[in-house]
4 protein chains.
Amino acid sequence: MPRPPGHGPDFEVRRQKIIDTAAELFARQGYAATSVNDLGRAVGLAKGALYYYIGSKENLLIEIQSRVMSPLLSRARQIAALEADPLLRLRLLSESLLTIIFHRLDHIWVYEHDYRSLSGDELATLLGQRSDFEHLITGLLTEAAGQSSLRVPEPRLATLQFLNLHNHTYQWVKPGGRWDPQYLAREYCATLFRGFGGTEADLGEAEERAAAFKRDRPELSLDPEVAWVPAPVAG
Amino acid sequence: MPRPPGHGPDFEVRRQKIIDTAAELFARQGYAATSVNDLGRAVGLAKGALYYYIGSKENLLIEIQSRVMSPLLSRARQIAALEADPLLRLRLLSESLLTIIFHRLDHIWVYEHDYRSLSGDELATLLGQRSDFEHLITGLLTEAAGQSSLRVPEPRLATLQFLNLHNHTYQWVKPGGRWDPQYLAREYCATLFRGFGGTEADLGEAEERAAAFKRDRPELSLDPEVAWVPAPVAG
Amino acid sequence: MPRPPGHGPDFEVRRQKIIDTAAELFARQGYAATSVNDLGRAVGLAKGALYYYIGSKENLLIEIQSRVMSPLLSRARQIAALEADPLLRLRLLSESLLTIIFHRLDHIWVYEHDYRSLSGDELATLLGQRSDFEHLITGLLTEAAGQSSLRVPEPRLATLQFLNLHNHTYQWVKPGGRWDPQYLAREYCATLFRGFGGTEADLGEAEERAAAFKRDRPELSLDPEVAWVPAPVAG
Amino acid sequence: MPRPPGHGPDFEVRRQKIIDTAAELFARQGYAATSVNDLGRAVGLAKGALYYYIGSKENLLIEIQSRVMSPLLSRARQIAALEADPLLRLRLLSESLLTIIFHRLDHIWVYEHDYRSLSGDELATLLGQRSDFEHLITGLLTEAAGQSSLRVPEPRLATLQFLNLHNHTYQWVKPGGRWDPQYLAREYCATLFRGFGGTEADLGEAEERAAAFKRDRPELSLDPEVAWVPAPVAG
DNA sequence: CATGAATGAGCGTTCATTCAT
DNA sequence: CATGAATGAACGCTCATTCAT
């Protein structure tokens, strides 16, 4: 879906705002139940003008998915590649994941609910990226089993518990509510690390180092405003 | 949508089979993306006849939600009311919940994905039932904090972790695969009980008692065949 | 585009009438310039009901093409296979072709103008059939060059002249006007046979035999009412 | 559709190039199936600028029709007015007509297929011009019947055969292929003249004189480059 | 009970055209 | 001169629902 070659300076700004609104609507009503007319009404544009920006309805879905997956995966790879204690890296990953969930809750709803509405190719790409993300976690859990007190006899099952605990959060979380991503990350990791047999000492150490890390390497904490905007993938 | 006053003895049987098929289709394609024609083709009935049984498309959604919520809630209430160790009851609840997820995976997909397509009243009813279910868990966790080694400083957050861990399972579970509900319940409860500070002793005891319970009181183990069918329709 | 399995007795009748009307409209305004709404208005049916009968707009085009090609080709094969003088067979073919043009003028307009709107597969099929038809004529002309006074040094060019002369008739012919298919066939064949160097004797003989043939084997004269209706091809 | 009163010297050049491109696209895809956007892309202009040159889409169609009809009719009048044997003039007309078909095949496709998309007034003008052209041929054929061996008992039918044979050529001709306009004109006229009862002598004479004519009065041979461009717009 | 037929609203998308800049 | 942006109508098509038979 190639867009016309020349566009005014406002084009991309406006386009991003339309995708924002689409994410809100899709999150609230579902992708299939939201019409392009609904979106037009919400952004104050006739349908014809909308298509000037969006290309197609499915394209919106692709962009939204990519706005989630793209920064998540790149940040996850950065963290996984750090030379640091695997528990620390899991803890950092937990907070990154929750940060994204908090700051783009509507995108996450769409990401979790409507990915099956993608067409074959796009779906395959997305599932591949999801699988990559999961394998990063599996790798860290396996590493942790070797270097700490954690017991991970079934890395796949441990990974799935990690993902269950984090990913389902979008269903009830209220940004600005009682808990923030940092707090939840600490709690979730505490549950999981203890739950997988980790000692209180290992747990405390990971938490301390995470605090230190965020102090010393702030660029590795996900700044969602920066992370989202360029969304360079797909389309 | 009043159904005709008198119908033959097969009416209800046939109706239930249609809802079964609807659940399969909705799970696979989504509620909004499944047409009444699709359903008609799948059950081998023309649209006119179909409407005789189903009343409306939304009605199907209501019935499916109720088929999940109704046995789950009644079984949860039964279990919560038992005179027994709260950890044991949580363990039994875990297995019941996972059993439903395993045996009616298609219903769960619909339950998790398409409840927002319900109209206001029906949605309110459903959300109320979900809240009731959650409070049963909160109650058991609070009890457990008093009677065992568990520390539950924030019962709401503990409840949400319990729900996250269980409810997200539908996204990846494959019935007939590596794990069964009993195995997953043991693993999940082990993670949670340890994660909330429970001792290995408490944990082992709960597991033993659960085994004994299922031996002595088999009627309290969820038989999914029985559990579903009569599902008294809410609404 | 499989139609639902069961249909009332009127379905096919109505369907054929709709295709008739579509052919009229397509002939008058062109396929691309005729909307499904136009057709609905013309047959007195809402768009939804129309689709119950037609499947798709392109399907109408396919059916119309097949209504022309199918009887034309089968009749042409019958005639070409006769054990008779090639000039006689060309003369019979000429009349068959003109009879179709006269009796389904609107179909011919669509056939000549809008075949390029067909999608790849259907277009390929049609072009193949057209090619088959042309080769029948080429064959007869070549035969005639051997057995009569005709000189056909370039069979392809002779074929194209035969086709030009006949096929372009749809542009100006008025059924019920001054000339009928028999008359035009005689005139066209006279022009072509003389034009290709045939003697008056050959020409007269072919005309006489054609008259005899139509008297003795009336079943080989194209009865357009019978020829059209079953239109068993494609869809 | 008044064009702005003053434009630069390039205006007309550019305009003609745009019409060239439009003719290509309309011929390939059909007038109704070609969008103004397609045209804009093909000529490298945004829609706004395009409309500065074209006025409207229908205007393009009018111009293309006129580019065919206008030189054809003026050349035909020139030829018909010559003091020369009618068979010679028919022969010259044949070659002129075929030359136009060869050199502007795309225009001819549009001319033959999409004239029905013209609005009432334009269509009336065009049909009048077509009729004028036909009457020139009828006149020549009638003259020929008086001065040569041709028998033309029905001048209208003879005219239509002349037109059928020539006009349908656009459907299959490939410029640069086996035959050129001169060759086809000779063949077509041979078929027609013989077919209408002309002697080989008359036929040979006409062909000889045509060769002489083209040698002595080359300005009467259609130079397509000159013939097209200035095409005074009808409408 | 069950069907085939019909409706009217809505779907995602494309169109010819306009116009401020 | 030329652009990018906007419109509103129409496109082909699908939908949930109804109802005479």
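Remember, predicted model here, so these are calculated numbers, not experimental data. All heavy atoms count here, side chains included; hydrogens, waters and symmetry mates do not.
- Rounded to whole Å, the distance from CD1 on B:Ile18 to C1' on E:dA2 is 12 Å.
- Counting only heavy atoms from C-beta on, B:Ala49 has its side chain closest to E:dT3 among E:dG12, E:dT3, E:dT17.
- The shortest non-hydrogen separation linking B:Tyr31 to B:Asp114 is N-OD2, 3.2 Å.
- In the set E:dC1, E:dA5, F:dA5, the nucleotide with an atom closest to the side chain of A:Phe11 is F:dA5.
- Contact check, D:Tyr52 against F:dT3: no side-chain N or O comes under 4.0 Å of OP1 or OP2.
- Here the side chain of B:Arg14 is nearest to one of E:dA2, E:dT17, F:dA2, namely E:dA2.
- If you check distances only, the side chain of A:Lys47 does reach the base of E:dT13 with a donor-acceptor pair under 3.5 Å.
- Atom CG in B:Asn59 sits roughly 14 Å away from atom P in F:dA16 (whole-Å rounding).
- Taking the six-membered ring where tryptophan is involved, the planes of C:Trp109 and D:Tyr115 are perpendicular, since the angle between them exceeds 60° and thus also 30°.
- Using a cut-off of 4.0 Å between Lys/Arg side-chain N and Asp/Glu carboxylate O, C:Asp20 and C:Lys17 are scored as not salt-bridged.
- In terms of phosphate contacts, B:Tyr51 brings no side-chain nitrogen or oxygen within less than 4.0 Å of OP1 or OP2 of E:dT3.
- Pair check for E:dA20 finds F:dT3; Watson-Crick or G-U wobble, both atom distances under 3.5 Å.
- Between B:Tyr53 atom OH and E:dT3 atom C1' the separation is 13 Å, expressed in whole Å.
- Residue order along DNA chain F, read from the 5' end via each residue's closest nucleotide, puts D:Leu50 first among D:Leu50 and C:Ala32.
- Atom CG in B:Leu60 sits about 15 Å away from atom C1' in F:dC15, given to the nearest Å.
- When each of A:Asn37 and C:Pro9 is assigned the nucleotide of DNA chain E bearing its nearest heavy atom, the one mapping closer to the 5' terminus is C:Pro9.
- DNA chain F is contacted by both A:Ala46 and B:Ser35; A:Ala46 maps to the nucleotide lying nearer its 5′ end (nearest heavy atom per residue).
- Heavy atoms of D:Leu45 sit under 4.0 angstrom from primed sugar atoms or phosphate atoms, though from no base atom.
- If you measure from atom CD of B:Gln29 to atom P of F:dC15, you get 10 Å, rounded to the nearest angstrom.
- When the C1' atom of E:dT17 is taken as reference, atom NZ of D:Lys57 falls 12 Å away, rounded to whole Å.
- C:Arg28 contributes no side-chain N or O that, together with a main-chain N or O of C:Asp106, makes up a donor-acceptor pair within less than 3.5 Å.
- Between A:Asp38 and D:Ala33, the residue whose closest nucleotide on DNA chain E is further toward the 5' end is A:Asp38.
- What separates CG of B:Leu39 from P of F:dT14 is a distance of 18 Å, to the nearest Å.
- Here the P atom of nucleotide E:dG12 and the CG atom of A:Leu25 are 12 Å apart, to the nearest Å.
- Between C:Asn59 and C:Ile54, the shortest heavy-atom contact is ND2-O, 3.2 Å.
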